[in-house]
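Notes to accompany the following structure.
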Number of protein chains: 2
Amino acid sequence: MARSALTREEVLEAASALVRRHGPTGLTMRGLAAELGTAVTSIYWHVGNRERLLDALVERTVQEMGAVRPAGRTPAERIVSVARTLRREIRARPHLIAMVHERGLTERMFLPAQRALVDEVHAAGLRGARAADAVRAVQFQIVGFLLVERNRERSPAQSPGEGELWDPGAAPGDPALARALARPADPERLFLLSVRALTEALLAGPDR
Amino acid sequence: MARSALTREEVLEAASALVRRHGPTGLTMRGLAAELGTAVTSIYWHVGNRERLLDALVERTVQEMGAVRPAGRTPAERIVSVARTLRREIRARPHLIAMVHERGLTERMFLPAQRALVDEVHAAGLRGARAADAVRAVQFQIVGFLLVERNRERSPAQSPGEGELWDPGAAPGDPALARALARPADPERLFLLSVRALTEALLAGPDR
DNA sequence: ACCTGAACACCGTTCAAGT
DNA sequence: ACCTGAACACCGTTCAAGT
């Protein structure tokens, strides 16, 4: 049957599906045209060129990640809940998030979360420049952890990896440490431990 | 004049120079051949294909980043010195480091630093699983911070950015916080603050 | 063992021409 | 306003043929 008029939205939706399935390299203008049943050149009329098409997909993703709903009874719990929600959402669209990273828009994507963090440090009694420092420290911690985690997940089997490097005897006098470092890191546990340690110190403050 | 026999090392050196100057997309097999004054296909004989050529460049970079020399009087100072050295080296070769990131080899690149951190937490009196947790928490912090920073540096002008979002009145009852968040973050200061807060809490421990 | 040119199967993009 | 096919200037890779 004859297709109805092509819309920009249709192009974006099909492109987004291709990226979710096969990553950005799996999105070719010719492949996208085939998917849509149109000529390659029609796509150019609607979205300009490939780079601007990718930009539009990234912009969409940033919008989608803007919803933040802290949960928990204490500020610390709510900070952790924000981080967990973000991690879950990010894992649902790894390719699109990678594109957000590549364009350096991770920070902007996290601005709604920053607002939530301000509420939490306020609830914890911090004000002014010290509150701002605490917010940013936690924000960098959350974003940084997500970036590290994504990095680890994409890692192929590494040699030498931690497992091989920390064989018994690598740490003279501390075999328990060698055993612990030979095991793979548990990101969830490590994250809780780190965020709690950091927030504890930040909320306690340097002058107490 | 007639060129001497092409070597793998020559190919890697020329490729590395192209990447340092123009990034990975600036490295084309045809362009590299032109640079070397050989046929495109000769390169394939020496390095297999483009992907394996990039892999070789990344491997080189990982080796180069393996040198870590902690400096300072206290464990905390030495931890910070390690982080600073790494940041400086990384900034000298942004494109190559980006490729290390993309291949998920950031962690492996940091293994020598991990060893140095073990020495420092030992010097601070920690042992066993708790020492391992502290090392990994600090390591994730350092790596995460570098990733965040790199992300920020690549960011184009963002709108809305923090500056616009935190105009006076965005944080009712805390104008000083709004002012602080409207200013761009000072990564060096924030890093020192964060690492110190984290290590302080980690070395003090949960049971003290 | 090392190098070569020709050929293949892809790309993204432009443009003049259609309706 | 929207769509089209043809053409251009690139890619990475393979392969048979050279020395």
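Below, chain A is the first sequence line, B the second, and so on; all start at residue 1.
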Quick one: on DNA chain D, does A:Val40 or A:Arg30 contact a more 5' nucleotide (nearest heavy atom)? A:Val40
Expressed as a whole number of angstroms, how long is the span from [X]:[atom1] to [N]:[atom2]?
{"X": "A:Asn49", "N": "C:dT13", "atom1": "CG", "atom2": "C1'", "result": "9 Å"}
{"X": "B:Glu10", "N": "C:dC2", "atom1": "CD", "atom2": "C1'", "result": "13 Å"}
{"X": "B:Ile43", "N": "D:dT13", "atom1": "CD1", "atom2": "C1'", "result": "12 Å"}
{"X": "A:Leu53", "N": "C:dT13", "atom1": "CG", "atom2": "C1'", "result": "14 Å"}

OP1 or OP2 of C:dC3 less than 4.0 angstrom from a side-chain nitrogen or oxygen of B:Thr38, does that happen here? no
Under 4.0 Å: is that the gap between some side-chain N or O of A:His46 and OP1 or OP2 of D:dA1?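 Answer is no, no contact under 4.0 Å.
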From the list C:dC3, C:dG12, D:dC3, which nucleotide is the closest neighbour of the side chain of A:Met29? C:dG12
Would you mind telling me which of D:dT4, C:dT4, D:dT13 lies closest to the side-chain atoms of B:Tyr44? D:dT13
Let's test your reading of the pairing rules: Watson-Crick or G-U wobble, both distances under 3.5 Å, then write DNA chain D as a dot-bracket string with ( ), [ ], | and dots. ||.|||||...|||||.||
Determine, for A:Arg52 against A:Glu59, whether the closest basic-nitrogen to carboxylate-oxygen distance falls under 4.0 angstrom. no
Report the C-alpha distance between B:Leu53 and B:Leu12 in whole Å, list the side-chain angles of each, state the deciding distance to 0.1 Å, and finish with yes or no for side-chain contact (heavy atoms from CB on, under 4.5 Å). CA-CA 7 Å; B:Leu53 170 55; B:Leu12 291 183; 3.6 Å; yes
Mind checking if A:Thr28 touches a base, just sugar-phosphate, or nothing, with heavy atoms under 4.0 Å? sugar-phosphate
Any N or O donor-acceptor pair linking the side chain of A:Thr41 to the base of D:dG5 at under 3.5 Å?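 Answer is yes: a donor-acceptor pair is held.
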Check the orientation of A:Phe140 and B:Phe145. Use parallel for under 30°, tilted for 30 to 60°, and perpendicular for over 60°. tilted
